[in-house]
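The next block holds one structure in the form of structure tokens; read it before the comments.
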Amino acid sequence: MAGYRLETTLKDFVRERVVESYRSLRGAPPTLWFNIRLNDNPQFGDYSANLAMLEAKAQGLVPRTLAQDIADEFVRRAGSEGLRAEVAGPGFINVFLSPERVQDSLRALLQAGEGYGTWELGAGRRLQVEFVSSNPTGPLTVGHGRQAVLGDVLASLSARLGYAVEREYYFNDEGRQVDLLAESLWIRYRELFGETREIPEGGYQGEYLKDIAAAVRASVGDGFAEFDESARTTFRHEAVSRISEGIRIDLETLGIRFDQYFSEGTLHRDGKVAEALAALRRVDAAYDKDGAAWLRAEHVPGGKDSVLVRSDGRPTYLLVDIAYHINKKERGFARVIDVQGADHVVEQACMKAALAALGFPPDFLGYAVHQFVSLKEKGETQRMSTRAGRFITLRDLVAEIGPDIVRYFMISRKPEAHLEFDLDLAKSQSLDNPATYIQYAHTRIASLFRKAGALGDGLAAADLAPLRSPDDLALIKKLDLFPEIVRAAGEGFAPHLLSEYALDVARFFHGYYDRNRVLGEADDVARARLALLRGVQLVLGQSLGIFGMSAPEEM
RNA sequence: GCGCCCGUAGCUCAGCGGAUCAGAGCGUUGGCCUCCGGCGCCAAAGGCCACAGGUUCGAAUCCUGUCGGGCGUACCA
């Protein structure tokens, strides 16, 4: 699949021409990055550039004069192609494109097909997205759901940028937490025999262990009267494997599949943890104090010297995690994205400090950090707490409103903002629901094509000349934004940019479709409009695909 | 106390490498069905962009401070 080339988007076409004009005028390229904006208001042309105002300030020139000079040069060079430029306001260069040039963008889109909005920035290098990574101690909550969808969508976006992407789930299947889990499960098991015991400090209180206990009894029988070594081993295995399987199913129902489940235990068994510490000591990033080994991270913003090995000799989570990241590098990943909750920011700074000390490239590891989720129902907001047993499982939520809607809501807010999940809106099947609204636009177009029959074939070669109304051209210019939105969403870990965009395209489509008749018009007009709507369908379909939502032909 | 994130329309939120953006969805009010799926469209009302200073010809956007909310600040993971 050929990558869609940057130069063919209209905005970049305009940028290039403006830069050329500036260079020819000033004898040097612009010194600053400037904005090209797509205008809603046709009075200001199709696109506006703020180049003159920025450069004038930097170089002590008069903005409007510089803008006029650039605009004149622009017209001199490109006027024969039907391009115009005007100066307005404090020094904007407003560019007007010919309908033919705008139509070119649609033609390129149709020819690129599903390759529209793909890039080759990653050049096929391997990129890993690690997410969820919840330890198998309980069911996934709605909070995990946000991370799951965010990670999955970032993986899809990274693939669009040209990386060879792998999704990985990191989990701990041994150690103290798992022992506590095993013991908690065993206590629930003993309750089935009428015994009453206290769940230990730091143990797991959740109801879900009662259900598992019953299943375990059916499978291992009635032995294990004491929590001895044999019981520990058995219950540890039962707890981890049953809960892991539950998690896997939960993710599956959301349409998420991992390429790799990575066990923390292997790092210990293979001596990788000790190696990591040795490596840190070699570069003087670790030191000893109070009988423990510490990481130097005070110099990093938000960082803090932290314990790597406790005074009793056990490594901390941080050291193991550092070993894990060394392992990622050794496995050949060029880049790694870790999706994490906002409660991990200090650890993230420490990790960055450690990897920097070990000589990793600064862009090797990127953190996609997200805030938490609260649920709103019937106007009331509830905060969830796993500890207090007050949470809604991801499974229940998906069962109630379906994976598509859950996915849309989870990525429609910027990750670093708190997400208030509006259950009533999510449950609504009608136009109120933005997810449904976008899918419906796709469906309407699919329906139109069913009706159009052969008229809708071979549209990549259609004559687009009839598309010259402001309505036609505005829609094409919106579709033209898709590649850059994909790029910004992927590079900035910001899927919400794409969901906003898709909603905007869907909204514009519905209005356009109301104002413009397609079938029944003269064949050349109908063909041209079908071509345009094919473009809309493609962009919406690709967007929904990136979100992991279905793009239905019928609803 | 310190660190990070967030304060924009009644509600949920975009915009934040400055100007030609005060925006969307929901909610409210009022219109549009001999018409390709009305699960649609159009319009109105509604905001001192938390507050106070500063930088700038120009600030929702950058800087400083204050006030609110969240999360951290473990030899937990």
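Lettering follows sequence order; numbering is per chain, from 1.
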Requested in this report: Using the six-membered ring wherever Trp is involved, compare the ring planes of A:Phe258 and A:Phe131 and label them parallel, tilted or perpendicular (cut-offs 30° and 60°).
Outcome: tilted
Report task. Provide the distance between the two P atoms, one in B:A50 and one in B:C42, to the nearest whole Å. Result -> 30 Å
Requested in this report: Give a yes/no verdict on a cation-pi contact between A:Arg15 and A:Phe34, requiring under 6.0 Å between NZ or CZ and the six-membered ring centre and an angle within 45° of the axis.
Outcome: yes
Report task. Please check if the distance between the ring centroids of A:Phe171 and A:Phe262 is under 6.0 Å. Result -> no
Requested in this report: Please measure how far the C1' atom in B:C71 lies from the corresponding atom in B:U8, and state the result in whole Å.
Outcome: 22 Å
Query - Separation of atom CG in A:Leu448 from atom C1' in B:C36, rounded to whole Å - result: 5 Å
Report summary line: Taking a pair to mean Watson-Crick or G-U wobble geometry with both distances below 3.5 Å, B:A19 pairs with none
**Report entry** Nearest-neighbour nucleotide for the A:Asn35 side chain, B:G18, B:G38, B:C4 considered
**Finding:** B:G18
Requested in this report: On RNA chain B, check which nucleotide each of A:Thr443 and A:Asn172 is closest to and give me the residue with the more 5' one.
Outcome: A:Thr443
Query raised in the report: Does a donor on one side chain sit under 3.5 Å from an acceptor on the other, for A:Asp404 and A:Gln439?
Result: yes
Query raised in the report: Roughly how many Å is it from CZ in A:Arg507 to P in B:G23, rounded to a whole number?
Result: 13 Å
Query - Criterion ring pair (Phe, Tyr, Trp, His ring centres under 6.0 Å) on A:Phe44 and A:Phe92, from CA distance to verdict - result: CA-CA 9 Å; A:Phe44 300 124; A:Phe92 286 98; 8.0 Å; no
Report task. For A:Leu497 and B:G23, give me the distance from atom CG to atom P, rounded to whole Å. Result -> 20 Å
Query - Between B:A22 and B:A59 - P atom distance, rounded Å - result: 12 Å
**Report entry** Centroid separation A:Phe493 to A:His370 less than 6.0 Å
**Finding:** no
**Report entry** B:G47 and B:G30, which share atom name C1', separated by this distance in whole Å
**Finding:** 22 Å
Query raised in the report: Who is the Watson-Crick or G-U wobble partner of B:G10, with both distances under 3.5 Å?
Result: B:C26
Report task. Can you check whether any acceptor in the base of B:C75 is under 3.5 Å from a donor in the side chain of A:Thr316, or vice versa? Result -> no
Query - Side-chain donor/acceptor of A:Lys57 to base of B:G58, under 3.5 Å - result: yes
Requested in this report: Take A:Asn94 and A:Tyr47 through the side chain to side chain donor-acceptor pair (under 3.5 Å) test and state the conclusion after the steps.
Outcome: CA-CA 6 Å; A:Asn94 295 335; A:Tyr47 297 90; over 6 Å; no
Query raised in the report: Of the nucleotides B:G25, B:A77, B:C36, which one has an atom closest to the side chain of A:Glu347?
Result: B:A77
Report summary line: Between A:Thr316 and A:Val307 the two heavy atoms that sit nearest each other are OG1-O, 2.9 Å
Query - Watson-Crick or G-U wobble partner of B:A59, both distances under 3.5 Å - result: none
Report task. Figure out the CG/C1' separation between A:Asn516 and B:C41, and round it to whole Å. Result -> 12 Å
Query - Length of the CZ-C1' vector between A:Arg515 and B:A43, whole Å - result: 13 Å
Report summary line: Picking from B:G70, B:C76, B:C41, the nucleotide nearest the side-chain atoms of A:Arg310 would be B:C76
Report task. Searching all strands shown, indicate the nucleotide that pairs with B:C51 (Watson-Crick or G-U wobble; both distances under 3.5 Å). Result -> B:G65
**Report entry** C1' gap between B:C41 and B:U56, integer Å
**Finding:** 44 Å
**Report entry** Whole-Å distance separating the OH atom of A:Tyr437 from the P atom of B:U12
**Finding:** 23 Å
Query raised in the report: To the nearest Å, how far apart are A:Glu500 CD and B:G23 P?
Result: 15 Å
Requested in this report: Under 4.0 Å from any atom of RNA chain B, heavy atoms only: list the residues of residues 285-299 of chain A that qualify, in numerical order.
Outcome: A:Asp290, A:Ala292
Query - Which nucleotide in B:G37, B:G15, B:C75 has an atom nearest any side-chain atom of A:Lys414 - result: B:G15
Report task. Figure out the CD/P separation between A:Gln340 and B:C5, and round it to whole Å. Result -> 16 Å
Query raised in the report: For atom P, what is the distance between B:C62 and B:G46, given to the nearest Å?
Result: 29 Å
Query raised in the report: Is the glycosidic torsion of B:C33 within 90° of 0, making it syn, or is it anti?
Result: syn
Query raised in the report: Which value, in whole Å, describes the distance between the C1' atoms of nucleotides B:U61 and B:C6?
Result: 16 Å
**Report entry** A:Tyr287-A:Asp305 side chain donor-acceptor pair, cut-off 3.5 Å
**Finding:** yes
Requested in this report: With a 3.5 angstrom cut-off on both distances, give the Watson-Crick or G-U wobble partner of B:G1, or none if there isn't one.
Outcome: B:U73
Query raised in the report: Taking the P atom of each, how far is B:C2 from B:G65, in whole Å?
Result: 10 Å
